[in-house]
There are 2 protein chains.
Amino acid sequence: MVRFVLMHTFTEENYLKTIYHCTLASGSATTNQIAAATNTRAASVTDMLKKLSEKKLINYAKYQGVTLTAEGEKIAIGVIRKHRLWEYFLVEKLDFKWDEVHEVAEELGHISSIELIDRLDKFMGYPKYDPHGDPIPDSNGRFKRQELKPVSGLAVNDTGVVLGVGDHSTAFLQYLEKASLTLGTKLTVIEIIDYDHSVVLQIADKKLNISREVAKNLLVAL
Amino acid sequence: MVRFVLMHTFTEENYLKTIYHCTLASGSATTNQIAAATNTRAASVTDMLKKLSEKKLINYAKYQGVTLTAEGEKIAIGVIRKHRLWEYFLVEKLDFKWDEVHEVAEELGHISSIELIDRLDKFMGYPKYDPHGDPIPDSNGRFKRQELKPVSGLAVNDTGVVLGVGDHSTAFLQYLEKASLTLGTKLTVIEIIDYDHSVVLQIADKKLNISREVAKNLLVAL
DNA sequence: GATAATTTTTAGATAAGTCTAAACTTATGG
DNA sequence: CCATAAGTTTAGACTTATCTAAAAATTATC
């Protein structure tokens with residue numbers, strides 16, 4: 001089979017993507033974080049870090065955690081672009097629900113052809129955001145990060161529009177679906193309960209009480 | 001990751017599909033045929049045949065060639081269904097040419113989700129044939145084989161409509177494209193040259209001379 | 001029907017990615 | 001500021017799918 005000049009395995013791509021996400025989420029990527037995210041053991045991660053380091057895709061010093069090199073980040077963003085475009089396709093064209101797409105997109109996101117993904121992008125009209133509100137990088141890897149705040153960071157009387165989630169788990173997405181807290185929902189903070197930091201929201205003409213946990217993972221634009 | 005009860009690797013699926021195609025094309029599948037088709041060595045094929053045999057997916061006796069069991073055939077047809085539906089998608093929705101889709105579809109055809117493929121099928125309106133005229137099995141694995149004849153089997157004055165190809169190589173497909181011998185083309189055999197068995201065709205108001213090689217791989221319905 | 005040619009299988013090795021268990025670093029808390 | 005906990009790495013082993021080289025079986029040829 002004819003392949004590209006630079007081919008990386010499914011596994012390598014997965015590690016790079018995971019490192020990208022960890023770095024974004026917590027400012028750093030450690031062996032244990034990566035192991036937890038990829039559902040492997042720390043020892044396996046260390047092996048792979050050495051390999052990626054030799055290929056100059058990550059900056060790695062023993063016991064010091066890792067960061068992506070420019071090349072590594074490029075690959076990670078490419079995988080994320082594929083993943084998010086496929087999620088968009090699954091939801092918008094094939095009528096999957098937003099909590100059903102992750103696993104399938106995970107597989108689809110590693111199909112190697114760049115031509116395929118660029119044509120898919122065109123077919124769908126160059127969407128800017130995936131079904132969870134995450135930005136889709138363009139074919140040059142560029143995308144603008146949205147300035148979103150967790151509901152837990154709002155004050156009483158603040159108003160926002162739900163545009164993203166901080167937790168992509170099926171359980172959380174199904175909870176939101178059931179509570180009608182889907183993307184685009186406008187909400188106002190009515191009250192913050194001192195005792196447990198839960199938040200009372202006004203949504204259209206209804207009131208809804210959400211836990212601190214939910215408030216932290218519900219992202220809004222003001 | 002949650003997977004299916006019966007999971008088979010990418011590689012196993014590929015062997016099963018290859019065995020299916022070999023059996024169809026030549027009535028049997030031998031170690032060397034499979035090795036040629038999968039671009040591996042005979043020794044590797046033997047190893048895999050043992051493995052597939054243990055899993056009861058093929059009937060295998062040393063030195064005797066192989067056939068698929070009912071279960072093996074079911075899997076093979078499933079992979080073929082996926083492959084052909086993706087080819088259809090690539091050509092009809094993403095504007096790939098019919099000679100560009102094989103490799104990409106090869107990768108896509110191994111995405112595990114059955115839900116995905118059934119929804120894709122629905123999205124495209126349950127197509128019956130792929131871009132090369134090959135029938136697409138339905139979700140139960142059923143499909144009707146078309147009764148197609150190679151042009152080399154026609155007699156002078158016979159008329160037919162191009163509905164399939166016996167060679168899926170890029171080179172052959174590009175040749176047909178260039179010669180305007182695409183699916184649906186109506187043709188009549190004007191003359192068969194004794195010397196080299198080449199065939200002179202009447203297509204609309206033009207005459208076209210094709211070699212025996214081409215005539216063998218151009219399939220028509222009468 | 002014996003020998004040669006072809007095909008297939010066995011034996012042993014390799015590479016990728018993973019694991020467990022043990023050893024080693026770094027961080028933390030009296 | 002040392003002892004222990006937490007986190008990370010090394011060592012050695014396993015699995016899958018592949019390979020080459022050599023042996024064995026089958027088929028073809030004279």
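All heavy atoms count here, side chains included; hydrogens, waters and symmetry mates do not. So you know, we letter chains A, B, ... as the sequences are listed, proteins then strands, and number each from 1.
- In summary, the side chains of Asn59(B) and Thr67(B) do present a donor paired with an acceptor at a separation below 3.5 Å, with no hydrogens or angles considered.
- One atom, CD of Glu54(A), and another, P of dA15(C), lie 14 Å apart when rounded to the nearest Å.
- Note: CD (Glu13(B)) to P (dT16(D)) measures 16 Å, nearest angstrom.
- A donor-acceptor pair shorter than 3.5 Å cannot be found between the side chains of Asp118(B) and Ser139(B).
- Counting to the nearest Å, the C1' atom of dA16(C) and the NE2 atom of His8(A) are 15 Å from each other.
- Taking the six-membered ring where the residue is Trp, Trp86(B) and Phe89(B) present perpendicular rings, their angle passing 60° and hence far from 30°.
- His168(A) and His132(A) have perpendicular rings, their planes meeting at more than 60° on a 0 to 90° scale where under 30° would count as parallel.
- What separates CZ of Arg41(B) from P of dT7(C) is a distance of 15 Å, to the nearest Å.
- At distances below 3.5 Å, at least one donor-acceptor pair connects side-chain atoms of Thr46(B) with backbone N or O atoms of Ala42(B).
- dT9(C) atom C1' lies 14 Å from atom CD1 of Ile34(B), rounded to whole Å.
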Q. Once each nucleotide of nucleotides 6-15 of chain D is scored for protein heavy atoms under 4.0 Å, what B/S/- sequence comes out, 5' to 3'?
A. -BBBB-----
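- Among residue pairs with one or both ends in residues 16-27 of chain A, those qualifying as salt bridge (charged side-chain N to carboxylate O under 4.0 Å, His left out) are Lys17(A)-Glu106(A); sequence neighbours excluded.
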